[in-house]
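Have a look at the structure below, then the notes.
Reminder, nothing fancy here: chain letters follow the sequence lines and each chain counts from 1. Quick caveat: nothing in here was measured; it's all calculated off a predicted structure. The figures here come from the full heavy-atom set of this structure, side chains too, leaving out hydrogens, waters and symmetry mates.
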There are 2 protein chains.
Amino acid sequence: MKQTDSASVSRNYHHGDLYQSLLFTATEMIAEGGTESLSMRKLADRVGVSRTAPYHHFKDKNALLCAIAEQGFERVEKLLHEVRIKEESESLEMIFTQYVHTYIELAYKHREQYDLMFGREIWRNGTPTESLHNRSRQHFKSWLKWIEHLCDEKVLHVGDSTLRTAQVCWATLHGLCRLFNDGIYTEQSHLDEMVDTAVNMMLKNT
Amino acid sequence: MKQTDSASVSRNYHHGDLYQSLLFTATEMIAEGGTESLSMRKLADRVGVSRTAPYHHFKDKNALLCAIAEQGFERVEKLLHEVRIKEESESLEMIFTQYVHTYIELAYKHREQYDLMFGREIWRNGTPTESLHNRSRQHFKSWLKWIEHLCDEKVLHVGDSTLRTAQVCWATLHGLCRLFNDGIYTEQSHLDEMVDTAVNMMLKNT
DNA sequence: AATCAATCTTGACAGTGTCAAAATATCGTT
DNA sequence: AACGATATTTTGACACTGTCAAGATTGATT
């Protein structure tokens with residue numbers, strides 16, 4: 001039903017910590033009904049505060065969306081980090097394949113947030129927060145490092161620059177995510193096969 | 001109902017044929033300032049007609065957007081058709097590479113229209129017109145046929161089903177388009193290299 | 001207790017999509 | 001040529017949206 005600041009810092013000021021409440025509820029609303037269904041007014045209403053109260057914690061609707069997107073980046077960053085830890089136990093091909101599967105699952109599970117992370121709403125129409133900019137750059141850097149490693153180990157194609165390889169590989173993942181997230185492909189049951197095909201394309205063919 | 005044949009121009013009625021004018025001007029406005037900058041009211045204003053006049057030619061804003069997207073599909077369909085004609089003169093690898101370059105150029109040149117063709121605005125939030133549905137299906141069918149041909153000729157990877165190959169290859173192109181169209185990658189100068197890398201990934205490695 | 005800044009509310013404005021009803025123009029008949 | 005049906009356009013209205021300015025409330029600091 002309601003969450004009423006599960007965080008700490010209770011009961012000072014009118015609401016407690018509105019910032020966290022707003023962020024939490026906004027993420028919830030987006031997950032429920034898409035980015036379009038999130039309006040500053042409805043958000044305020046649901047948190048139980050007046051229309052313009054959120055504007056003292058987020059400069060803009062844009063700023064709020066950036067904050068939500070940022071949390072998404074934290075999630076995938078964590079995923080990537082976990083993968084690189086267990087590197088020893090299995091073959092690199094296997095790990096890579098699994099990562100791709102998980103990445104796309106994650107993107108679908110939190111599709112609205114994913115859309116925010118890489119959508120035009122923020123990156124073209126809006127103006128990405130400095131903080132968001134940094135975090136996304138940071139994440140791509142992590143990705144790039146891993147791809148470099150995979151190239152060194154001859155798991156992925158070589159020949160082209162690793163930077164381009166990293167960009168194109170990610171673009172492939174991203175393309176698949178968009179297809180499903182945007183509702184162009186709807187057959188969820190084909191997804192696994194498509195991912196395997198994509199991975200085959202990316203891996204070095206022995 | 002009504003059909004509003006596009007063929008005859010005919011100067012009858014108040015405006016002439018509003019339908020065509022609306023479609024044309026809307027496409028123009030979208031190209032100028034993005035999908036978000038297109039409002040039914042501003043459109044009507046620019047065409048020189050009252051706010052609600054467009055609603056007698058397009059059921060919805062959604063219907064208008066679908067019509068614009070449809071024209072985009074006509075364009076790429078034409079491109080694909082042209083490619084398949086000159087099949088004799090050059091190597092299939094060369095033709096495929098060129099097609100990919102042209103496709104992505106086209107997507108960037110008409111990025112707003114491209115976004116409409118494959119964006120959530122229509123396919124997830126809105127409801128694609130029956131007509132749009134058909135045309136997009138038709139286009140994918142053409143694409144699939146070509147990919148099948150390329151697989152037969154051992155130009156592309158074999159091993160996975162050609163359907164999946166077609167889907168994933170297109171997803172890769174699409175991913176690249178989105179990266180640039182959505183403003184995530186901004187270095188236009190890297191595009192050609194990235195496309196080459198992507199093509200290398202897709203082609204059968206000899 | 002008085003002051004100050006942080007926090008929240010009320011009021012307002014311009015913009016959006018779209019429905020209902022009224023006005024107007026054109027066409028097909030007579 | 002006149003008239004009624006019909007296609008086309010307009011005016012008015014409603015419920016939304018983001019966000020600014022000004023005022024009110026509260027907590028902490030002096």
Using a heavy-atom distance cut-off of less than 4.0 Å, which residues of residues 112-128 of chain B contact DNA chain D?
none
Distances for protein N or O near nucleotides 10-14 of chain C N or O, under 3.5 Å:
| residue | atom | partner | partner atom | Å |
| --- | --- | --- | --- | --- |
| C:dT10 | O4 | A:Thr52 | OG1 | 3.0 |
| C:dG11 | N7 | A:Arg51 | NH1 | 3.1 |

Gap between atom CG of B:Asn200 and atom CD of B:Glu93 - 0.5 Å precision
11.0 Å
D:dT9 OP1/OP2 closer than 4.0 Å to side-chain N/O of B:His57:
yes
Under the salt bridge (Lys or Arg N to Asp or Glu O under 4.0 Å) rule, collect the residues that match up with A:Glu121, sequence neighbours excluded.
none
Partners passing side chain to side chain donor-acceptor pair (under 3.5 Å) against A:Trp146 (at least two apart in sequence or in another chain)
A:Glu87
How bent is the helix from C:dA1-D:dT30 to C:dT30-D:dA1, measuring the angle between the end axes built from five pairs each, rounded to 10°?
10°
Could you check how far NE2 of A:His56 sits from P of D:dC20, rounded to whole Å?
11 Å
Rounded to whole Å, the CE-C1' distance (A:Met40 to D:dC16) equals 16 Å
Picking from D:dT9, C:dC8, D:dT17, the nucleotide nearest the side-chain atoms of A:Ser39 would be D:dT17
Hits for ring-ring contact (aromatic ring centres under 6.0 Å, His included) against A:His190, two or more places apart or cross-chain, chain-then-number order -> none
Spacing between B:Leu18 atom CG and D:dT9 atom P, to the nearest angstrom
4 Å
Of the options D:dT19, D:dT10, C:dG17, whose atoms approach the side-chain atoms of A:Lys61 most closely?
D:dT19
Residue list, salt bridge (Lys or Arg N to Asp or Glu O under 4.0 Å) with A:Glu36, at least two apart or on another chain:
B:Arg120
Looking at residues at least two apart in the chain, or sitting in another chain, which of them share a salt bridge (Lys or Arg N to Asp or Glu O under 4.0 Å) with B:Arg46?
B:Glu28, B:Glu32
Quick one: list whatever passes salt bridge (Lys or Arg N to Asp or Glu O under 4.0 Å) with B:Arg51, sequence neighbours left out.
none
A:Lys42 side-chain N/O to D:dT17 phosphate OP1/OP2 under 4.0 Å:
yes
Under the ring-ring contact (aromatic ring centres under 6.0 Å, His included) test, which residues partner B:His101, sequence neighbours left out?
none
Listed by chain and number, what are the side chain to side chain donor-acceptor pair (under 3.5 Å) partners of B:Asn181, not counting sequence neighbours?
none
Pairs touching residues 56-80 of chain A that satisfy ring pair (Phe, Tyr, Trp, His ring centres under 6.0 Å), sequence neighbours left out
A:Tyr19-A:Phe58, A:Phe73-A:Phe118
